[in-house]
Each structure stands twice: as C-alpha cells, then as structure tokens.
Amino acid sequence: MPAARIAVIEGDGIGKEVVPEGRKVLDAAARLFGLDLRFDDFDWGCDHHARHGRMMPEDGLDRIAGHDVIFLGAIGWPTVSDVESLWTLLMPIRRNFQQYVNLRPVRLFEGVPSVLSAPGPIDFMIVRENNEGEYSEIGGRMFPGTDQEMVIQNTVLTRFGCDRVMRFAFDLAMKRKRRLTSATKSNGIIHTMPFWDERFRAVAGDYPQVATEQYHIDILTAHFVRRPASFDVVVASNLFGDILSDLGPAVTGTIGIAPSGNLNPERRFPSMFEPVHGSAPDIAGQNIANPIGQIWSGAMMLEHLGATDAAAAIVTAIERVLASGENLTRDMGGTASTTSLGQAVADALSVHPAEVRRHG
Ligand code: IPM
Ligand code: MN
C-alpha cells in the first residue's frame, strides 16, 4: 500500500474520545504491517462554530478533497442546531464527495450480550443509500407562525441514484451469500417506493445468481428483531437504512460497536469512515464511550486503502478483546473506560503467523 493521506475530523462530544483510540489502533497496525499512514487533523465541529461562526472553513471541502480517506468521529452538539451542524459539515462531505453508499456491517460478537435470548450468528451488511431519498432539501415552509402554517419535504429518488447503490449491493451479495433483501414501503408511499421496487427488479435482472426478497420496512424491523441471523445483505433508502442501521446493532447488544463507510466506490473522491453512533452529549467527557465503532471503522478504512491484512488483524483483535470479557465498556455490561478498551485492542493486535513471512 502506498502512503495514505488521512484527514481526521474528531468533531464533537465522544468523537473527541473515540477517535484517539481509533488512531492508537491504526498506529499499532501501521507499525506491525509497515504501513505509511499520514494523518492531518482538522478541528472542525461545534467548537469551531463557536470560534468562527461556521462548522468548517469556507474552503473546507477543498482542503480535504486531495486526501485518500477521511476518518470522522461524530458531529453535533446542543449549542448548534442540527440543521446547521449537520448540513454544513457532514452532509456536504457525504454529498459533494459522492459517497452514495453508506456501508454498515452488523455482527454479533462473542462476549457482547445480545438483547435476544437466542440470537443465532448475526453477520450482515446494510447498504444504505447516502446521497438522496428522504434526506432532501427540496421543500419549504409557508405562512410561518400563522394558523395556515405549512411545510413540505419531498423525497427524491433518481434512476441513477437507485441503480448505483443497488448495483453496489448486488455486487456485495455476489461476494457473500448471493442473497439480497430490499427495504421498501410501496404499499403506503405510493410514488417513490414503487419506483424503488421497480429499479430493484430491473437491476436484479443483471444478477440472476442472487436470490432477492423485499419487505415493507414495518415488518422488516420485526424480522430484524425476530430472526436477525437470516439476513446477509440489506439495501435500503437513506432514511430506512438509517433506522435499520441503529436497530441491527442494537439487537447485537450495543450500537457502540457499529462502524460505517461512506463510500465513493469509483474513488473519484475520498471516502469517509465513521462510527454509526453520534456525539452522545449525555455521556461525553467521561471516558466511558465505547471506542469499538471507531476502531472498526478504522479497519474498514484500511481495507478500502488496500491494507487487507492489517484490516483483518484489527477485526481479529476486536474479536479477541470482546470475547475475553475484560475491558468491556458499560454499554456492553462492563466497567472499563474508553481508553482502556482502546489500549486492549491495540495490545491484542498481532500479525497472523501465516502472514509473518510475507511481511517480514
Ligand atoms: C447517521 C446519523 C446521521 C444520519 C444524522 C446525524 C444526520 O444518524 O450517520 O446515521 O441520519 O445520517
Ligand atoms: Mn443514524
């Protein structure tokens, strides 16, 4: 792997606590596998907003467009409205950099208590559309503050946008178990969701080897709880994917471990790796947040950069530490701190014996 330029944005709240743990593990992996990881820090977020009146500088996107990847913690703090903090930082990155796939793995780890008594082996991928859908600026408000006050927000689905995220999901399914589930709601949402189903059928035509199924989002959430082990790849619109990607990890015990990759599969722009959890103001600053979502996001980032062995070694280290039952944070039933769990994963990192020869 050539030298990698990584833009780091810790952001807000627990982002400032979990990103350093992610870096600790990435640095350890870099030493073990001889990777050249070059980190550049960007102090963007709600503190930056307090100092400068904006979440990032005006030319912020230009400053990170030349990096290979972005390693992000979390964005949002009660002092800045969500519309301002998210739509002037997180959303512009996801959209301008065409990160149209939000890939969110869901796994049950040994050692992490699930909320289910007999969960089975949960291990699936959510492919969330990340650039359009229900998250749209199309709409507005009329007659504010009066009795006639009204708001409209339009969902935007394009053929191009549906097809490209669905193709990604089918390609992923081809590499896994050749099974793909689509989340829909075409019985209640009568324009956009039937279109989603139509595009799903059309794209499926190019993948005859993949077995497909589709469920309305309401019953799909029930299936996520009742038989989570039966899913392998799930493709969903922006909002449905957002909801499913909190529910899935919650079923496996905690959303604190869930990672994500905001991917620009064509690599025209940097992709961004961030945990699924947010800035969590309620537990921020206490050194109790779970750093695994950030650390695992770091593994996804290395995989994207082509450092597959190092990525796999981080996931193995996570598995070992969680299975040992020591160093678990509160959300997983333990009492460990953010820093001690991060250190434990860094310490557990090792090159697999079969790989020693290759890496010297
Ligand atoms: C996520 C988050 C964001 C989203 C919020 C903070 C806008 O929930 O990454 O899942 O909805 O995409
Ligand atoms: Mn979310």
Side-chain angles (χ1 to χ4, degrees), residues 9-16 18-19 22 44-46 48-49 55-56 69-106 124-139 153 155-157 161 165 183 217 220-221 224 234-252 254-264 270-284 289-294 296-298 300-301 331:
I9 307 169
E10 292 185 350
D12 303 308
I14 61 169
K16 294 179 185 155
V18 293
V19 168
W44 302 345
C46 293
H48 186 279
H49 193 280
M55 296 292 289
M56 65 173 164
V69 286
I70 304 159
F71 194 49
L72 175 86
I75 304 298
W77 196 248
T79 51
V80 181
S81 79
D82 285 342
V83 175
E84 168 78 7
S85 65
L86 295 159
W87 284 82
T88 63
L89 183 49
L90 184 69
M91 295 301 171
I93 295 177
R94 286 181 178 172
R95 289 173 179 224
N96 287 283
F97 292 160
Q98 297 271 317
Q99 297 166 348
Y100 61 85
V101 171
N102 197 326
L103 184 61
R104 298 187 151 181
V106 180
F124 63 89
M125 293 284 199
I126 295 170
V127 177
R128 169 188 178 189
E129 201 291 318
N130 209 34
N131 276 182
E132 53 179 44
E134 304 85 348
Y135 285 51
S136 115
E137 300 104 309
I138 313 287
Q153 173 133 22
T155 293
V156 175
L157 289 188
V165 74
I217 187 68
L220 184 55
T221 60
F224 261 45
V234 181
V235 65
S237 64
N238 208 334
L239 179 62
F240 290 173
D242 179 49
I243 295 167
L244 292 175
S245 59
D246 266 23
L247 179 59
V251 167
T252 70
T254 171
I255 79 162
I257 59 173
S260 77
N262 298 268
L263 307 178
N264 173 243
S271 292
M272 175 166 69
F273 299 83
E274 58 168 330
V276 170
H277 64 69
S279 60
D282 54 325
I283 58 160
N290 190 335
I292 298 294
Q294 189 77 48
W296 191 359
S297 298
M300 290 180 76
M301 182 172 84
D331 54 317

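Computation of the quantities below employed the complete heavy-atom set of this structure, encompassing side-chain atoms and omitting hydrogens, waters and symmetry-equivalent molecules. Whatever order the structure lists ligands and atoms in, that order sets their numbers, starting from 1.
Separation of atoms NE2 (His49) and CD (Glu84) is listed at 3.5 Å; rounding is to 0.5 Å. For the atom pair Ile126 CD1 and Ile243 CD1, the distance stands at 11.0 Å (nearest 0.5 Å).
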- [ ] Could you walk me through whether Met125 and Val234 pass side-chain contact (heavy atoms from CB on, under 4.5 Å), step by step?
- [x] CA-CA 6 Å; Met125 293 284 199; Val234 181; over 6 Å; no

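Annotation: ligand 1 has protein neighbours Leu86, Met91, Arg94, Arg104, Arg128, Tyr135, Asp242, each with a heavy atom less than 4.0 angstrom from the ligand.
Defined by atom type and a distance below 3.5 Å, a donor-acceptor pair is missing between the side-chain atoms of Arg95 and Asn131. Side chain to side chain, Glu134 and Ser237 meet the donor-acceptor criterion of an N or O pair below 3.5 Å. No side-chain N or O of Asp12 forms a donor-acceptor pair with one of Ser279 less than 3.5 Å apart. Neither side chain, Asn130 nor Tyr135, offers a donor N or O lying under 3.5 Å from an acceptor on the other.
At least one side-chain heavy atom of Gln294 sits less than 4.5 Å from a side-chain heavy atom of Val19.
A pairwise comparison of heavy atoms in Phe97 and Asn264 identifies O-CB, 3.5 Å as the closest pair.
Around the Mn ion (ligand 2), the protein atoms of type N, O or S found under 2.8 Å away are Asp242 OD1, listed by chain and number.
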